[in-house]
Amino acid sequence: WTAVLASLTFNILLRHPWYRVGFNTAKYVMAIAAAGGTYFFLHEPSTGFFTTLRDVVAFLLAGAVYVAVDTWMLALVLAFTRQRNPWHVWIVNSQGILPQLLSASFLGALAAEVYRTNPWTIALLAIPLIVVYFSLKTSQELRVQTKKAIEALADTIDKRDPYTFQHSHRVALYTEKL
């Protein structure tokens, strides 16, 4: 329920349309459920947090499952709405941000351990978490701006010479297929 409330609050504060709020919340909850189920199934409940190799493996797999479910659900929706190959959409959208997403799992583990030892010290993790968030946001914005700049340059060339447009279009298609 915490994940649902956090996702709903975050998406509403960003003033996303209702369908995007619903999708983002459902995607987030399903990714958390899949990761939690993975961890619950694999860890040793009789031991403490990270006390056995099995717990560490369970945690690492749970983090990978979370990232996979989260990114693949988005890629599938984008591929479906844009009539593209889901694998290609996933590669293009995940390129460059997978390390940040996977590192968030380690920050989560650190937060859990810090909270377990002293709940008030969890506030110390706010700064690194904010840095990771803005790093991801800046990286994504830079990718979008770069793509728009390249498209604007291509449009300028296309307006100057129609033959160049056809050539550029063919090169783009061949590049995408490769």
If a pair satisfies salt bridge (Lys or Arg N to Asp or Glu O under 4.0 Å) and one of its residues is in [range], list it, with sequence neighbours excluded.
| range | answer |
| --- | --- |
| residues 96-105 | none |
| residues 118-134 | none |
| residues 85-109 | none |
| residues 99-110 | none |

Joint cluster assignment, Trp72 & Phe23, ILVMFWY side-chain distance < 4.5 Å: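 Cluster IDs for Trp72 and Phe23 differ.
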Hphob cluster co-occupancy, Val67 + Ile32, side-chain heavy atoms under 4.5 angstrom: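 Yes, it is one cluster - the side chains of Val67 and Ile32 are joined through contacts under 4.5 Å.
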Which word best sums up how the rings of Trp87 and Trp90 line up, parallel for under 30°, tilted for 30 to 60°, or perpendicular for over 60°?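 The rings of Trp87 and Trp90 lie parallel, inter-plane angle below 30°.
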Please state whether the rings of Tyr66 and Tyr28 are parallel, tilted or perpendicular, taking 30° and 60° as the class boundaries.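 Tyr66 vs Tyr28 ring planes: perpendicular.
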Determine whether Val114 and Leu124 make a side-chain contact, defined as any pair of heavy atoms from C-beta on separated by less than 4.5 Å.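 No. Closest side-chain heavy atoms not under 4.5 Å.
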Going by the rule salt bridge (charged side-chain N to carboxylate O under 4.0 Å, His left out), which residues pair with Arg84 if we only count those two or more places apart in sequence or in a different chain?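 Applying salt bridge (charged side-chain N to carboxylate O under 4.0 Å, His left out) to Arg84 gives Glu176.
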Nearest-0.5 Å distance that lies between atom OH in Tyr39 and atom CG in Asp55: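 Output value for this atom pair is 4.5 Å.
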Taking atom CG of Leu60 and atom OG1 of Thr38, what is their separation to the nearest 0.5 Å?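 Going from CG on Leu60 over to OG1 on Thr38, the span is 12.0 Å.
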Please tabulate, one pair per line, all N/O donor-acceptor pairs under 3.5 Å involving side-chain atoms of residues 73-83, not counting sequence neighbours.
residue	atom	partner	partner atom	Å
Thr81	OG1	Val77	O	3.0
Thr81	OG1	Leu78	O	3.1

Quick one: does any side-chain atom of Ser135 pair with a main-chain N or O of Val131 as donor and acceptor, under 3.5 Å?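 Not confirmed, Ser135 side chain does not pair with Val131 backbone.
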Would you name the heavy atoms of Leu42 and Ala58 that are closest together and state the gap between them?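 Taking Leu42 first and Ala58 second, the nearest heavy atoms are CB-CB, 3.5 Å.
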